[in-house]
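First up is the structure itself, then whatever we jot down about it.
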2 protein chains.
Amino acid sequence: MELNARKKKILEVIIRDYINTAEPVGSRTLSKRCNLGISPATIRNEMADLEDLGYLVQPHTSSGRIPTQQAYRYYVDEIMEVQKLEKMIRTDIHRGFLDHNTELGPTMSHTAQVLSQLTNYTAVVLAPRVTNFNCKHVQIVSLIKNRVLMVVVTQEGMAKNIEVTLSQEVDTILALKLSNVINGFLKNTILSEMSSDLIDQIQELTPEESKLVHEIIPHLKKALVEDASEVHSTGLTNLFNYPEFSDVNKIKQLINIVQEKQVLSEMMTSSDGNRVIRIKIGSENDNENLKDFSIITSTYELDGEMMGAFGVIGPTRMNYDNVSSVLNYIRNELNLHISNLLMK
Amino acid sequence: MELNARKKKILEVIIRDYINTAEPVGSRTLSKRCNLGISPATIRNEMADLEDLGYLVQPHTSSGRIPTQQAYRYYVDEIMEVQKLEKMIRTDIHRGFLDHNTELGPTMSHTAQVLSQLTNYTAVVLAPRVTNFNCKHVQIVSLIKNRVLMVVVTQEGMAKNIEVTLSQEVDTILALKLSNVINGFLKNTILSEMSSDLIDQIQELTPEESKLVHEIIPHLKKALVEDASEVHSTGLTNLFNYPEFSDVNKIKQLINIVQEKQVLSEMMTSSDGNRVIRIKIGSENDNENLKDFSIITSTYELDGEMMGAFGVIGPTRMNYDNVSSVLNYIRNELNLHISNLLMK
DNA sequence: GTTAGCACTCGATTATCGTGAGTGCTAATA
DNA sequence: TATTAGCACTCACGATAATCGAGTGCTAAC
């Protein structure tokens with residue numbers, strides 16, 4: 001659906017204005033703001049057209065108009081151009097990362113911090129996941145009696161704990177032996193392909209030990225499949241300052257979103273036509289709680305493999321320009337630092 | 001400050017009523033509710049006295065009265081009697097715990113869940129801490145190049161990860177050796193007393209290895225001292241249903257409290273005259289954000305050692321009776337299950 | 001096609017006025 | 001002397017009305 005240049009310009013100004021003020025914008029205010037030399041009356045006609053086309057609505061007969069979701073979508077697709085961040089801000093961010101890239105956890109929370117600070121919305125960051133495929137090494141540590149800790153280490157050097165209770169007592173020495181057996185396996189095959197048959201072929205195990213390995217492997221598989229990434233979120237209260245969030249119900253929705261980490265995680269990692277910056281506006285979101293919000297996300301990578309995701313949740317009246325610029329730059333920074341961090 | 005029986009009774013009824021309704025209570029309503037055969041006029045006189053004594057205030061000249069913080073304190077200390085929970089609820093809780101006591105993490109979140117459900121307030125649970133004193137075993141796991149993971153295991157069978165970057169590359173074999181050295185130490189001494197001198201006395205180390213041990217020990221000590229317990233919280237949105245939380249600022253305060261995990265953790269573990277159930281009302285809380293809330297906490301133990309804490313945050317107009325009963329029972333359950341869980 | 005002019009709409013703000021639940025005080029009562 | 005009935009008074013709250021003003025759509029002139 002193409003709009004002529006003037007309609008496009010008018011729509012742009014309306015959206016920009018509404019994003020800033022959250023007030024319906026009327027023809028008079030508009031004619032002052034955009035210097036097209038058009039009178040309010042003309043603008044009214046154009047606005048009526050834009051309303052017919054589904055880009056604007058009037059909250060009340062005698063008030064200005066506000067953009068619809070369709071308008072935001074049009075804005076994002078056809079009007080907005082993602083700017084490079086200001087140099088000063090870029091260097092600030094860069095320095096910040098340098099100060100926080102010693103460990104993975106702190107880097108993640110720092111990212112969330114920076115995101116929410118720069119955008120004034122709520123930020124969410126997903127840490128890298130540990131999966132079947134990148135599992136390099138498993139260390140079994142005896143905890144107490146028949147409880148053990150399985151530490152899974154990935155090729156990238158991330159670690160994850162899995163605690164289980166086994167049928168027999170496991171002491172330090174046995175734990176070491178079990179670790180060695182499993183790691184012997186991992187040299188040749190990935191975890192998800194470790195079958196019962198393969199385990200039975202191991203020579204050096206006593207029947208008891210073999211039984212333990214049979215117990216351990218499914219636990220490992222299950223934990224790595226089920227595992228949701230760690231989710232860091234910040235700036236929940238940022239949104240409270242916007243007038244649309246004076247409603248307690250909206251706040252409830254937001255809190256529910258941030259707490260449903262599993263859902264959040266799936267949503268953010270589902271690929272969307274390989275776009276670098278993914279924008280979901282209002283009801284474009286599948287999640288019921290997100291219908292009144294917009295969410296902009298991106299991902300970070302290591303060696304071309306997607307490691308995790310991060311993004312920003314805000315009102316549909318979101319500053320899409322700024323957020324896109326910020327995500328874009330943070331993405332680069334993250335790619336850089338994560339590779340330094342994990343592979344160095 | 002002693003009150004005569006009638007004043008005490010009147011104060012009690014007022015508090016109970018206000019806790020239920022959040023409405024100022026007047027003399028007429030009151031005379032119907034408490035069957036003391038006293039006329040509203042008499043009650044008015046008594047109420048005026050109670051106001052002079054600081055137990056009641058009037059929001060407006062011509063409205064009923066509401067209890068002050070001092071009144072709640074009096075109620076909690078002198079009036080309230082903690083009841084045993086109903087048998088049905090007790091068995092419900094007990095069964096719930098049986099279904100969730102396989103691992104420490106799930107038990108903690110389950111506790112938070114149950115607490116917030118039974119009280120309709122916001123629940124907070126602190127998981128057991130790993131400290132210098134209960135550290136039994138350290139396993140060093142090579143991550144990648146010069147990054148290692150230190151897994152600290154406590155006497156009770158809990159584990160904690162600490163990730164560090166060292167000055168030299170550490171492979172699997174070296175990691176094992178370093179683990180053995182440190183564990184040899186731990187047989188005789190606690191971590192905080194491991195000095196440089198002691199390390200230097202170890203025979204079997206090459207200079208490089210010795211250097212690594214010198215790097216590792218401070219990291220361990222630091223992590224165990226700084227470590228705040230894991231904090232589980234649930235039912236944040238429970239409070240939104242109470243009229244006093246229609247104000248967005250109160251909600252902000254609440255969220256800030258729950259997010260300042262460090263503060264929360266310190267507050268809940270600071271002993272308070274060895275009371276089993278600790279009640280802090282409004283400004284009795286040191287934390288600025290908590291001034292408008294009440295918080296009731298308790299602790300759970302293992303072999304007489306305090307392991308962690310749990311509690312409930314709500315309005316000052318909190319149902320102190322019910323919450324106390326619930327905490328009391330949950331405390332017993334937790335003591336029971338934690339010991340099964342960790343020592344079994 | 002654009003614009004000035006005009007009547008009209010309607011949400012928001014302010015003002016006014018009862019209503020009623022509550023109070024404090026006083027005088028009568030047990 | 002403690003209690004109570006009676007009464008005048010207070011004040012938040014809700015409903016109703018009046019005003020305001022930013023905004024609209026329509027028509028006619030440019």
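Quick note on labels: first sequence line is chain A, next is B, and so on, each numbered from 1.
- For the pair B/Lys252 and A/Phe240, the cation does not sit on the ring face, since its NZ or CZ is not both under 6.0 Å from the ring centre and inside 45° of the axis.
- Applying a 4.0 Å cut-off to non-hydrogen atoms, the residues of residues 60-68 of chain B that approach DNA chain D are B/His60, B/Thr61, B/Ser62, listed by residue number.
- Rounded to an integer number of Å, the gap from B/Asp52 CG to C/dT23 P is 14 Å.
- Atom CG in A/Asp49 sits about 15 Å away from atom C1' in D/dT24, given to the nearest Å.
- At distances below 3.5 Å, at least one donor-acceptor pair connects side-chain atoms of A/Asn238 with backbone N or O atoms of A/Ser116.
- For the pair A/Thr29 and D/dA22, the criterion of a side-chain N or O lying under 4.0 Å from OP1 or OP2 is not met.
- Between the C1' atom of C/dG24 and the CE atom of B/Met47 lies a distance of 13 Å, rounded to the nearest Å.
- In this structure, A/Leu30 places its CG atom 16 Å from P of D/dA22, rounding to the nearest Å.
- Residues A/Met267 and A/Ile295 have side chains in contact (heavy-atom distance under 4.5 Å, counting atoms from C-beta outward).
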| task | Carefully, step by step, assess A/Phe310 and A/Leu126 under the rule side chain to side chain contact (heavy atoms under 4.5 Å, CB included). | result | CA-CA 6 Å; A/Phe310 61 100; A/Leu126 301 192; over 6 Å; no
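- At a cut-off of 3.5 Å, with distance as the only test, no side-chain donor of A/Gln69 or A/Thr316 sits close to an acceptor on the other residue.
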| field | nucleotides 2-7 of chain C: protein proximity per nucleotide (B base, S sugar-phosphate only, - neither; heavy atom, under 4.0 Å) | value | SBBB--
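- In this structure, B/Gln58 atom CD and D/dA12 atom P are separated by 12 Å, rounded to whole Å.
- Between A/Arg73 and A/Glu78 no salt bridge is recorded (no basic side-chain N to carboxylate O distance below 4.0 Å).
- A straight line from CG of B/Asp17 to C1' of C/dG22 spans 14 Å, rounded to a whole angstrom.
- No hydrogens or angles considered: a donor-acceptor pair under 3.5 Å links the side chains of B/Arg44 and B/Ser27.
- Separating the CG atom of A/Leu56 from the P atom of D/dG23 is a distance of 14 Å, rounded to the nearest angstrom.
- Between A/Asn322 and A/Tyr121, the side chains place no donor N or O within less than 3.5 Å of an acceptor N or O (distance only, hydrogens not considered).
- Taking atom NZ of B/Lys7 as the reference point, atom P of D/dA2 lies 11 Å away to the nearest angstrom.
- Between the side chains of B/Tyr75 and B/Arg16, at least one donor N or O lies within less than 3.5 Å of an accepting N or O.
- Comparing A/Arg28 and B/Pro59 by the nucleotide of DNA chain D whose heavy atom lies nearest to each, the residue mapping closer to the 5' end is B/Pro59.
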